[in-house]
Amino acid sequence: MNHWLFKSEPDAWSWDQQVANGVKGEEWTGVRNYQARNNMRAMKVGDLGFFYHSNIGKEIVGIVEVIRESAPDSSTDDARWDCVVIKAVRPVKKTVTLDACKVEPGLAAMALVTNTRLSVQPVTAEEWRIVCNMAGIDPI
DNA sequence: GCCAACGTTGGC
DNA sequence: GCCAACGTTGGC
C-alpha cells in the first residue's frame with residue numbers, strides 16, 4: 001500500500017466538506033499538472049493519504065482513502081486529465097502544520113517541504129509514520 | 001496582495 | 001530543441 005498527500009484550499013474544498021460527503025467521497029477534479037496526475041494514476045483503491053489545507057491553515061487535518069482509481073476528470077473534456085475519488089477516513093487528533101514538518105528532521109525530504117507547489121504528492125512509509133505520530137494517531 | 005518557484009506554451 | 005514569456009500555486 002502506498003501513501004499520498006492531497007492539497008486543497010479550504011476556501012475551495014475543505015476537510016469538513018470532504019467529511020460531509022461520507023462514504024461516497026469526492027472526485028478529486030481540477031488537477032492540471034502532470035506530476036500530480038501521474039501520482040493519482042499510480043494510486044490503488046485502499047491507498048491512504050493525508051488531507052492538507054493549503055493557504056489557510058497550512059496543516060494536515062485528516063486521513064483519506066482512495067476509493068476509485070484514476071479515471072477521466074469529469075470537470076473537463078480534455079482527455080489528458082483524470083483523477084481518483086477519495087473519501088474521508090478520520091480526522092487527526094492534532095493538526096500537523098507545515099512549520100512543524102519543516103523543523104522535523106525526519107521530514108526534511110518530504111515533498112510538502114521540498115516541492116511546495118505539487119498538489120498531489122507521494123508520502124514515504126517513514127514520513128507517514130512520523131506525521132501520524134505528530135498527529136497523535138496510530139499509523140493505519 | 002505580493003512574489004518566488006516552477007510548469008507550460010509557443011515562437012524561432 | 002531551446003528559451004522567453006506567461007500562468008498558476010501557495011507561502012509569506
Side-chain angles (χ1 to χ4, degrees):
Chain A
M1 203 237 298
N2 289 309
H3 297 103
W4 312 94
L5 182 144
F6 297 84
K7 284 187 187 173
S8 184
E9 294 189 37
D11 273 352
W13 184 256
S14 71
W15 172 249
D16 286 346
Q17 287 171 289
Q18 183 71 46
V19 169
N21 267 21
V23 294
K24 77 180 167 76
E26 176 71 6
E27 187 188 4
W28 207 250
T29 58
V31 171
R32 301 290 181 266
N33 170 282
Y34 292 108
Q35 245 185 300
R37 183 208 62 187
N38 290 344
N39 287 333
M40 289 199 287
R41 286 186 176 180
M43 294 177 190
K44 298 279 197 300
V45 170
D47 278 359
L48 298 173
F50 292 124
F51 192 102
Y52 174 81
H53 276 167
S54 62
N55 271 309
I56 301 167
K58 283 170 286 178
E59 58 191 3
I60 291 165
V61 293
I63 306 283
V64 292
E65 179 182 344
V66 176
I67 59 171
R68 190 206 70 191
E69 68 184 37
S70 204
D73 181 333
S74 67
S75 70
T76 177
D77 289 331
D78 192 329
R80 291 178 298 169
W81 306 117
D82 48 54
C83 61
V84 296
V85 175
I86 58 176
K87 71 166 185 185
V89 175
R90 60 199 267 202
V92 296
K93 278 212 186 83
K94 187 172 172 299
T95 61
V96 178
T97 64
L98 176 61
D99 284 345
C101 292
K102 280 182 176 170
V103 299
E104 167 58 45
L107 300 180
M110 193 179 184
L112 187 66
V113 176
T114 60
N115 194 356
T116 53
R117 291 180 66 256
L118 186 59
S119 60
V120 180
Q121 318 180 340
V123 174
T124 67
E126 180 66 3
E127 288 162 356
W128 183 265
R129 193 188 62 74
I130 292 170
V131 173
C132 284
N133 187 49
M134 293 162 78
I137 58 177
D138 293 328
I140 307 172

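To find a chain, count down the sequence lines: A is the first, B the second, and so on, and within it residues start at 1.
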Item checked: For A/P72, side chain to side chain contact (heavy atoms under 4.5 Å, CB included) partners two or more places apart -> none

Next item on the list: Determine which pairs satisfy ring pair (Phe, Tyr, Trp, His ring centres under 6.0 Å) with at least one residue from residues 114-139 of chain A, sequence neighbours left out, and list them in order.
Entry: A/H3-A/W128, A/F50-A/W128

Margin query: Can you see whether A/T29 engages A/D73 through a side-chain donor-acceptor pair at a distance of less than 3.5 angstrom?
Written below: no

Next item on the list: List in chain and number order the residues that pass side chain to side chain contact (heavy atoms under 4.5 Å, CB included) with A/V45, two or more places apart in sequence or in another chain; answer none if no residue qualifies.
Entry: none

Next item on the list: List for me each residue that meets salt bridge (charged side-chain N to carboxylate O under 4.0 Å, His left out) alongside A/R68, sequence neighbours excluded, and say none if there are none.
Entry: none

Notebook entry, point to check: Nucleotide by nucleotide, 5' to 3', does protein get under 4.0 Å of the base (B), only the sugar-phosphate (S), or neither (-) in nucleotides 4-9 of chain C, counting heavy atoms?
Noted result: ---BBB

Check: A/E126: what forms a side chain to side chain contact (heavy atoms under 4.5 Å, CB included) with it, not counting sequence neighbours?
Finding: A/T124, A/R129, A/I130

Note to self: Quick check on contacts: within residues 97-106 of chain A, what sits under 4.0 Å from DNA chain C by heavy-atom distance?
What the structure shows: A/L98, A/K102

Anything under 3.5 Å between a donor and an acceptor, one on a side chain of residues 97-113 of chain A, the other on a protein residue two or more places apart or in another chain? List them.
{"residue": "A/T97", "atom": "OG1", "partner": "A/A100", "partner atom": "N", "Å": "3.0"}
{"residue": "A/E104", "atom": "OE2", "partner": "A/G106", "partner atom": "N", "Å": "3.3"}

Note to self: If the condition is side chain to side chain donor-acceptor pair (under 3.5 Å), which residues does A/N33 pass it with, not counting sequence neighbours?
What the structure shows: none

Checklist line | Euclidean distance, atom CE of residue A/M110 to atom P of C/dG11 [Å, nearest integer] | finding: 12 Å

Note to self: Tell me the bend of the helix from B/dG1-C/dC12 to B/dC12-C/dG1 as the angle between end helix axes, each from five pairs, rounded to the nearest 10 degrees.
What the structure shows: 10°

Next item on the list: Give every residue pair that meets the ring pair (Phe, Tyr, Trp, His ring centres under 6.0 Å) criterion with at least one member in residues 63-108 of chain A, sequence neighbours excluded.
Entry: A/Y34-A/W81

Note to self: Under 4.5 Å side-chain heavy-atom separation, chaining through any Ile, Leu, Val, Met, Phe, Trp or Tyr, what else clusters with A/M40? Say none if it is isolated.
What the structure shows: A/W4, A/F6, A/W13, A/W15, A/V19, A/W28, A/V31, A/M43, A/F51, A/V61, A/V64, A/V66, A/V84, A/I86, A/V120

